[in-house]
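The structure appears below as structure tokens.
Quick caveat: nothing in here was measured; it's all calculated off a predicted structure. As the structure lists them, so they are numbered: ligands from 1, and atoms in each ligand from 1.
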Amino acid sequence: MDNVKTIAIDGPSASGKSTVSKGVAKELGFTYVDSGALYRGVTWQALRKGVDTKDPEAVIDSMYDADWDFFVQDGATVFSIDGDVPVQELREKDVRESVANVAAIPEVRKFVVENLQSLANFGSLVMEGRDIGTVVFPDSPYKFYLDADPEERAMRRYRELVSAGEDEKAHEVMESLKKRDKIDSTRKTDPLVVAPGALVIDSTSMTLEDVIRTVIDAVMR
Ligand code: DC
């Protein structure tokens, strides 16, 4: 475990974390972890069990009642819930609209954080999220906070959704992003903040390659 490196990449929605984290992981041969997928997984499981996601007790019960399994596939961690591996399902609108509230439930955060920490057993990781540098791996020397102007982030998310075939309006994407930013940064448990010692990268006018290079250079220093 001594040689295991954990690179923490935090930041708001649509700041480019996923693309950057995947690029860094690929170049370094590390495993990529999308921590938001676990919060989405808890939400998806609750929804498919017909649970009201505004009822924390019911969400917690459906989370603990399920059988979770983690493994590595194509350089990234994946999980199954009761034997099913949700991927596309995690991106669907009903999950997207409820996940920020589910991620604000302290017991859900505890469950997810413990599972994320145990993923270091797979080896070196690049993990993206909101609290990786502050809560999941606070002792990691490799912490980054990726940001971009809200308008730029909303445009990136809008293009992503449209190219995925979703029928969205740009102003609605902007509103939904603002709403999620607010919930994520004002919730009581582990709000999105810059971790002490994190390198802040504003990617508004940087290319993807520049951002990846900035992260790798800082890790290699
Ligand atoms: O990154 P994402 O959009 O898939 O995240 C989904 C939700 O989970 C979002 O509301 C933020 C939350 N989240 C979190 O609270 N902590 C993390 N480490 C990752 C995501």
Side-chain angles (χ1 to χ4, degrees), residues 6-22 25 32-47 53-54 56 59-60 63 70 76-79 81 86-120 125-138 140 142-148 150 153-154 156-161 164 166 168 173-195 198 203:
T6 47
I7 301 179
I9 303 191
D10 290 307
S13 292
S15 56
K17 296 186 305 286
S18 307
T19 323
V20 168
S21 303
K22 283 178 195 158
Y32 161 71
V33 187
D34 170 8
S35 68
L38 274 75
Y39 293 101
R40 288 170 184 264
V42 174
T43 309
W44 176 71
Q45 178 66 6
L47 289 169
T53 53
K54 291 212 167 78
V59 171
I60 293 163
M63 176 180 82
F70 293 84
T77 52
V78 186
F79 53 85
I81 309 176
V87 179
Q88 245 347 89
E89 294 85 340
L90 302 181
R91 305 276 138 204
E92 281 167 8
K93 199 164 183 171
D94 53 346
V95 171
R96 205 161 69 222
E97 283 177 349
S98 302
V99 65
N101 286 319
V102 169
I105 303 171
E107 189 69 26
V108 169
R109 303 203 66 81
K110 181 170 169 277
F111 171 84
V112 170
V113 167
E114 285 169 4
N115 277 293
L116 291 172
Q117 288 167 336
S118 74
L119 297 177
L125 308 172
V126 181
M127 190 177 287
E128 61 144 309
R130 307 291 193 291
D131 62 343
I132 312 306
T134 48
V135 178
V136 181
F137 294 121
S140 169
Y142 313 111
K143 298 182 205 173
F144 301 88
Y145 186 94
L146 217 60
D147 209 351
R153 292 193 286 114
R156 287 179 191 172
R157 182 51 50 92
Y158 173 69
R159 279 188 230 114
E160 234 172 67
L161 291 170
E166 298 251 3
E168 293 282 342
V173 175
M174 182 78 195
E175 284 314 306
S176 139
L177 205 76
K178 272 192 193 153
K179 210 157 88 189
R180 281 222 281 150
D181 279 358
K182 185 150 186 258
I183 299 177
D184 290 341
S185 54
T186 57
R187 67 169 174 242
K188 283 202 183 69
T189 313
D190 311 336
L192 171 67
V193 290
V194 179
S203 73

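- At a heavy-atom cutoff of 4.0 Å, ligand 1 is surrounded by Ser35, Gly36, Tyr39, Arg40, Val99, Ala100, Ala103, Arg109, Gly129, Arg130, Asp131, Ile132, Arg180, Asp184, Arg187.
- Checked against side-chain hydrogen bond (donor to acceptor under 3.5 Å, both in side chains), Asn115 has no partners two or more places apart in sequence or in another chain.
- Between Arg153 and Asp181 there is a salt bridge, since at least one side-chain N of the basic residue sits less than 4.0 Å from a carboxylate O of the acidic one.
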Report all side-chain donor-acceptor pairs from residues 97-107 shorter than 3.5 Å, counting only partners two or more places apart or in another chain.
unit_1: Ser98; atom_1: OG; unit_2: Thr53; atom_2: OG1; d: 3.4
unit_1: Ser98; atom_1: OG; unit_2: Asp94; atom_2: O; d: 3.3
unit_1: Glu107; atom_1: OE2; unit_2: Tyr64; atom_2: OH; d: 2.7

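- By the side-chain hydrogen bond (donor to acceptor under 3.5 Å, both in side chains) test, Tyr32 pairs with Glu128, sequence neighbours left out.
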- Taking it one step at a time, do Lys17 and Arg130 satisfy side chain to side chain contact (heavy atoms under 4.5 Å, CB included)? CA-CA 10 Å; Lys17 296 186 305 286; Arg130 307 291 193 291; 3.5 Å; yes
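- Of the inter-residue distances, the one linking Phe111 atom CZ with Ile60 atom CD1 reads 11.5 Å to the nearest 0.5 angstrom.
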